[in-house]
Amino acid sequence: MGTLETERTTTGWAARDPSGILSPYTYRLRKTGPDDVFIKVICCGICHTDIHQTKNDLGMSNYPMVPGHEVVGEVVEVGSDVTKFTVGDIVGVGCIVGSCRNCRPCSTDNEQYCSKKIWSYNDVYTDGQPTQGGFAGSMVADQKFVVKIPDGMAPEQVAPLLCAGVTVYSPLNHFGLMGSGLRGGILGLGGVGHMGVKIAKAMGHHVTVISSSDKKKVEAMEHLGADEYLVSSDTEGMQKAADSLDYIIDTVPAFHPLEPYLSLLKVDGKLILTGVINTPLQFVSPMVMLGRKSITGSFIGSMKEIEKMLKFCKDKDLTSMIEVVKMDYVHTAMERLEKNDVRYRFVVDVAGSKLDQ
C-alpha cells in the first residue's frame, strides 16, 4: 500500500483550442494524498459533453484539456487512509472528482449539486492544478469519488453507465418512478436514451421512444425492447398518445420545442430534462398549469446512486450497446457522435491505444 507522496506524469489526448482537435499531451498528475487512489485507465466512454467542452460550446473551456468522464480502470496503488479499495480492483470515475463536503447537497448525498463540485476535467483541483479526464493512461482520484465495479461486469460495458446510465437512473430513483406499471417516454435515442429504454424496461415500465424520425424504430423496439415508438412530426400519432405518459426523460442535447411533449403527459406528469442545451427553451404556461405538470431537470447522479445503479444493472444483466475504438479514431468518433452516427456509445480502448503517437 503506497502513500502516493510523489507526483507522476501521464500521457493523454488533449484539446489545445476550440477546434476540439485532440493530440498527445504529457502532464503531471496532481499531488496526491492518503485518501487517493492511483488508477491505470482501461477505457473511457465518449459523451456529448466532451464535444461541448473541447469546442468551448459553453464558453468556459480551459486548455490544454484532456476530456473523458466515463472512466474505468484498475487500482494500481492506494493511499494510507484508503479503506474502500485495494490494488487490483476495477473501479470507475464519473463526472465529478470533488465537492465541498459541507453544504446541504453534500450532507444529503447529493454532491453532484454542490456549488463547489470539481469536474473530472476542465476544472481546478484544491491544490490549484487543473483536472484532466480519462482519455489518458492514468489518473488520481479521491476514494469518495471512485466506485467499485461489480465483479463480472466488462469494463467497456460499464463505462457509459457512469454518466449515461446514472443520468437516467437518478431521476427515476429521486422522483419515485421506479415502480412497475408506469408508462414512460424516452425522448431521443442516443447514448443516454438507449440506457433509458433498457433501465425503464427492467423496472417494469411501459416504454415509448419518441424521436424525430422513424429511422431508429426497428432498433428501439426489436433490439432495445421499447413498447411503442412515436415520431414527433406525426401529428395524428402524437394526438393519440396525448395524456398517456407518467414521465418523459428528455435526453436531447440541442434546442427543441417542449410543448409537443408536455401534451403527452398525464396529470402530474414530469418532463425531466437531462440534455445540456445552451439556448433558452420555451413553452406556454397553460400547457403546464392545466395538467399540474412539471418541467424539471436532473444532473448525473450521486455516488450512492451510481453504486445502486451498477448493482441494478448487474442484477438485471443490463449492458450498454457500444462501439469500441482506439484513441487514434477519436476524432472520427466525435464527428460521428455529432451526427448521431453511433449505436449507441463510443468507448475508447485507452489501455490498448498508443497514447504517445
Side-chain angles (χ1 to χ4, degrees), residues 48-49 52 57-58 110 112-113 164 166-201 203-217 220-221 224 226-301 340:
H48 253 107
T49 302
H52 289 313
D57 289 343
L58 305 178
N110 289 293
Q112 74 272 32
Y113 299 115
V166 77
T167 292
V168 173
Y169 183 91
S170 178
L172 295 176
N173 175 61
H174 175 75
F175 293 116
L177 298 170
M178 293 179 67
S180 63
L182 294 175
R183 299 178 71 90
I186 304 296
L187 176 55
L189 197 61
V192 176
H194 96 283
M195 285 311 305
V197 176
K198 288 192 162 202
I199 288 173
K201 284 296 295 180
M203 290 177 178
H205 298 181
H206 181 282
V207 178
T208 298
V209 169
I210 311 160
S211 188
S212 57
S213 75
D214 61 2
K215 288 191 299 184
K216 297 181 180 179
K217 183 174 182 178
M221 301 192 72
L224 298 176
D227 299 287
E228 295 186 47
Y229 190 95
L230 268 178
V231 177
S232 55
S233 59
D234 177 6
T235 303
E236 183 179 349
M238 291 288 283
Q239 288 176 345
K240 286 182 179 179
D243 306 314
S244 66
L245 301 178
D246 295 293
Y247 67 85
I248 296 172
I249 296 180
D250 182 345
T251 74
V252 177
F255 176 82
H256 56 286
L258 299 184
E259 290 171 9
Y261 311 110
L262 288 168
S263 69
L264 301 177
L265 294 172
K266 298 177 181 178
V267 171
D268 290 327
K270 287 180 168 57
L271 177 62
I272 304 166
L273 304 178
T274 64
V276 177
I277 305 168
N278 60 359
T279 52
L281 302 179
Q282 294 180 324
F283 62 94
V284 294
S285 59
M287 291 292 298
V288 174
M289 295 164 55
L290 297 179
R292 201 165 57 198
K293 301 172 184 180
S294 301
I295 300 173
T296 187
S298 184
F299 173 64
I300 53 171
N340 295 317

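- A pairwise comparison of heavy atoms in M287 and E259 identifies CE-O, 3.2 Å as the closest pair.
- To the nearest 0.5 Å, atom OG of residue S212 and atom CG of residue L189 are 10.5 Å apart.
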Residues D250, H256; criterion side chain to side chain donor-acceptor pair (under 3.5 Å); working and verdict:
CA-CA 10 Å; D250 182 345; H256 56 286; 2.6 Å; yes
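- One finds the CE atom of M238 at 6.5 Å from the CD1 atom of I210 (value rounded to the nearest 0.5 Å).
- Side chains of H205 and Y247: a donor on one and an acceptor on the other come within 3.5 Å.
- Put simply, CG on L264 and CZ on R183 are 11.5 Å apart, with the number rounded to the nearest 0.5 Å.
- Looking at S211, its side chain never comes within 3.5 Å of a backbone N or O of V231 through a donor-acceptor pair.
- Looking at heavy atoms from C-beta onward, S232 lies out of side-chain contact with P260 at the 4.5 angstrom threshold.
- In this structure, NZ in K270 is found 12.5 Å from CD1 in I295, a value given to the nearest 0.5 Å.
- Closest non-hydrogen pair, F299 versus Y113, comes out as N-OH, 3.1 Å.
- Of all non-hydrogen atoms in L230 and G237, the two that sit nearest each other are CD2-O, 3.5 Å.
- Across every non-hydrogen atom of K293 and V288, the tightest pair is O-CG1, 2.8 Å.
- The CG atom of L172 sits 4.0 Å away from atom CD1 of I249, with the distance rounded to the nearest 0.5 Å.
- For K266, the side-chain hydrogen bond (donor to acceptor under 3.5 Å, both in side chains) criterion is met by D246, not counting sequence neighbours.
- Atoms CG and CG, from L262 and L245 in turn, are 11.5 Å apart once rounded to the nearest 0.5 Å.
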Step by step, would you call Y169 with M178 a side-chain contact (heavy atoms from CB on, under 4.5 Å)?
CA-CA 9 Å; Y169 183 91; M178 293 179 67; 3.5 Å; yes
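- The two residues L224 and H194 come nearest to each other via the heavy atoms CD1-CB, 3.9 Å.
- P280 and F255 get closest at one heavy-atom pair: O-CE1, 3.2 Å.
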